Amino acid sequence: MTESARKRLDELKGLIDNANYRYHVLDEPEVPDAVFDGWMRELLEIEAAHPGWVTADSPSRRVGATASGAFEPVAHAMPMLSLGNAFSDEEVRDFVLRIEDELGVRAPDFSVEPKIDGLAISLRYERGVLVSGATRGDGETGENVTENLRTIASVPLRLRGLDAAVLEVRGEVFMPRQGFEQFNRAALEAGQKPLANPRNGAAGSLRQLDPAVTARRPLAFFAYGVGVVEGWTLPAKHSQTMAQLRELGFKVSPEVAMASGTEGLLAYFARIGALRDGLDYDIDGVVYKLDDYAQQKAMGFVSRAPRWALAHKFPAEEQLTTVEAIDVQVGRTGALTPVARLAPVQVAGVTVTNATLHNAEQIARLDVRIGDTVVVRRAGDVIPEVVRVLPDRRPMQSNGSPLHEPYRFPDVCPVCGSATQAVQRVVRQTKAGVELGEGAAIICTGGLFCSAQRKQALIHFASRKAMDIEGLGEQLIDDLVELGFVTSLSDLYRLSLDDLLEMRRRADERDGTVPETVKQGKVATRWAENLLASIAASRSTRLERLLFALGIRDVGESTAKLLAKYFGSLDRLMQADADTLQGIPDIGPVVAANITGFFAESHNRDVIAGLRGAGVEWPESEPQRAEDGPLAGQTFVLTGALQAFTRDEAAARLESLGAKVASSVSKKTSVVVAGEAAGSKLEKAKQLGVAVWDETALQQLFDEHGAGGG
Ligand code: IVH
């Protein structure tokens, strides 16, 4: 019945794709592995019978030629046990007391180890050669993943200097964090789905049907014990076995140590907890193992867990909860951060009610909506974040569509109502241009007008390199703003002695403090007089200081100087369009857009008018035109390593001659100066037919124009 076989094939593709998605992407496997393997086997059988039906998107295309479609079951000769868990110091104390009582010893020695968050594996060596490797499975029976394990560099294929009849080595396969991040970066660049987390990455990688795929995954193995041993005598202590395993060629976590008694165990737990974020592998707790095998034997087992070992777990870092609302907070720098308000949930030991959603892109990527069930994560000291949404638990209407629409990021600031704007995050500004961070930030363009940004704006405005108002520190600014004495920058210049004294009185009243002077029936006025004097002194300033003081995004001291020099007057700068601004060396599209955006906002123009009205003044000068230099109108791009000068020096000399120095090559580029090991920019210049000079030609140019002195 080809017809039904064809239908079944399509059905299997759907089932397998869905299961793969849930396992690899959502990290929420829904069907048991055996069912999945059965589907895969069935699909391969149908395709084998009908080779013409194999399509490019078939899940079988992930499978190598030798793939079986399933892993055989392996019965463990010695069961792989689980560990009893402890979540509190109390439980650890009880564990130690039980051992002390039963064995009649005091503060016994333990091997203390990180509990690696990967996949338990048993490796079987016969006559020193790896013959099979299996997952833990249910502890009695695991899956044979030998071929995949062979691809892991830290799994020895042969023991170093031991040919015992049988040695089973047990340990954990994991994906180091660095490898995980690297793998995900590459996957994202290639437009492929990233791995959900390192543990899932390790599990998924070992389960690949094609060992060639596993081989490309960054996996590692840490040994933590032995199973069946024949033809070799184990040392008397676990710690000695670990040392032996190292000599046989296994990696053992460098954090494995010794400790005695409850205090020793708890100290180790605290030490590893503090180290946790800095490790290159995920751990979910520590494991305490009685070191002496004779003592282990005496303690024995209950059900499937040893009574001589204990897993002391860190509190879970991920939990499920629901989203009650999505709010947007405005930071002191104007960045809008979306925040999920959550039904309270305990995560990693604290109650979490809010979690950051980072930015608009993240919200869109997660598609978080009100009412959604989400995974929240709080790792270390990091602020809680929403990791993912469980789409199957989304509240629905009776007509089958979601109850809530996708979230829309507000296009006005929730605090002041000014327009919001997407800006590239500038990480660093260099001679070669600006370096941009990942993703756009949404900011409030209200700037000085926005109360969320007001304090920050005032602190910056008064700072030494800006308007340099001595004595106007953070505490005073807090009080001035909070008690309503200052709402805009120009209000500073309207403060009277009475205002300041009244403000201080109210601040003292609010804080319940009674200053010494008041007790003495006097009023301290000196500080206020001094402050008024320095505010007054700041009225006469320079354009570059004022420009810096305005706090325009990405306009630091040096850009402010540059703008002051090129425009000479504030009005000319305010009228400049983005193209004119980009004509200035070092000003790229992002900074140009920030400047024009700032002056386009009427609130900001009001602030400037207010300052002028309050008597703030600065000398203006003629604009310095780039057209004045001998290289006016020419654009140079420097690439590769120069010998006689650094690129910065060469750029400065070119600019002093009126040229513009740009960081990328375009049709508008006049000359590309290519030094040693020039790369893509040189290629581009050749493609576009732009003139290419070597360093000698540049030197000649400088000699001709007498700009050799730098
Ligand atoms: S010893 C009889 N040591 O934890 C002792 N297990 O619940 C058996 N694990 O699935 C395990 N790091 O994969 C031991 N240093 C360590 C471990 C460790 C991680 C995992 C192991 C097992 C689970 C036990």
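Counting from 1, the numbers follow the sequence of the chain as shown. Order of listing sets the numbers, starting from 1, for every ligand and every atom in it. From a predicted model like this one, the values you see are computed outputs, not experimental measurements.
In this structure, the ring of Tyr224 has its center no less than 6.0 angstrom from the ring center of Phe174. A centroid separation of 6.0 Å or more is found between the aromatic rings of Phe110 and Tyr268.
Heavy atoms of Pro306 come nearer than 4.0 angstrom to ligand 1 in at least one pair.
Protein heavy atom nearest atom 15 (N) of ligand 1, with residue, atom name and distance: Glu113 OE1, 2.9 Å. For atom 23 (C) of ligand 1, the nearest protein heavy atom (residue, atom name, distance) is Lys115 NZ, 3.8 Å. Considering only non-hydrogen protein atoms, atom 12 (N) of ligand 1 sits nearest to Ile116 N, 3.1 Å. Summary of contacts: the protein heavy atom closest to atom 8 (C) of ligand 1 is Leu81 O, 4.0 Å. The protein heavy atom nearest to atom 20 (C) of ligand 1 is Glu172 OE1, 3.6 Å.
For the 3.5 Å distance criterion, the side chains of Arg217 and Ser205 qualify, holding a donor opposite an acceptor. A side-chain donor from one of Glu113 and Ser111 sits under 3.5 Å from a side-chain acceptor of the other. Between the side chains of Arg185 and Gln182, no donor-acceptor pair is found at a separation under 3.5 Å.
For the pair Tyr224 and ligand 1, the shortest N or O to N or O distance falls below 3.5 Å. The shortest N/O to N/O separation between Ser82 and ligand 1 does not fall below 3.5 Å.
Taking a cutoff of 4.0 Å between a charged side-chain nitrogen and a carboxylate oxygen, Lys115 and Asp284 qualify as a salt bridge. Under 4.0 Å is where a charged nitrogen must lie from a carboxylate oxygen, and between Glu318 and Arg388 at least one such pair does. Glu143 and Arg136 are not joined by a salt bridge, as no carboxylate oxygen comes within less than 4.0 angstrom of a charged side-chain nitrogen.
Under 4.0 angstrom from ligand 1, the non-hydrogen atoms of Ala120 come from both its backbone and its side chain. Contact annotation for Met80 and ligand 1: no heavy atom of the residue comes within less than 4.0 Å of the ligand. Residue contacts with ligand 1 for Lys289 involve side-chain atoms from C-beta outward but no N, CA, C or O (heavy atoms, distance under 4.0 Å). Contact annotation: for Leu83 versus ligand 1, heavy atoms closer than 4.0 Å belong to both the backbone and the side chain. At a heavy-atom cutoff of 4.0 Å, ligand 1 is contacted by the backbone of Pro114 but not by its side chain.
Using a 4.0 Å cut-off to heavy atoms of Arg136, the atoms of ligand 1 that qualify are 10 (O).
Of all heavy-atom pairs spanning Pro338 and Ala360, the tightest one is CG-N, 4.5 Å.
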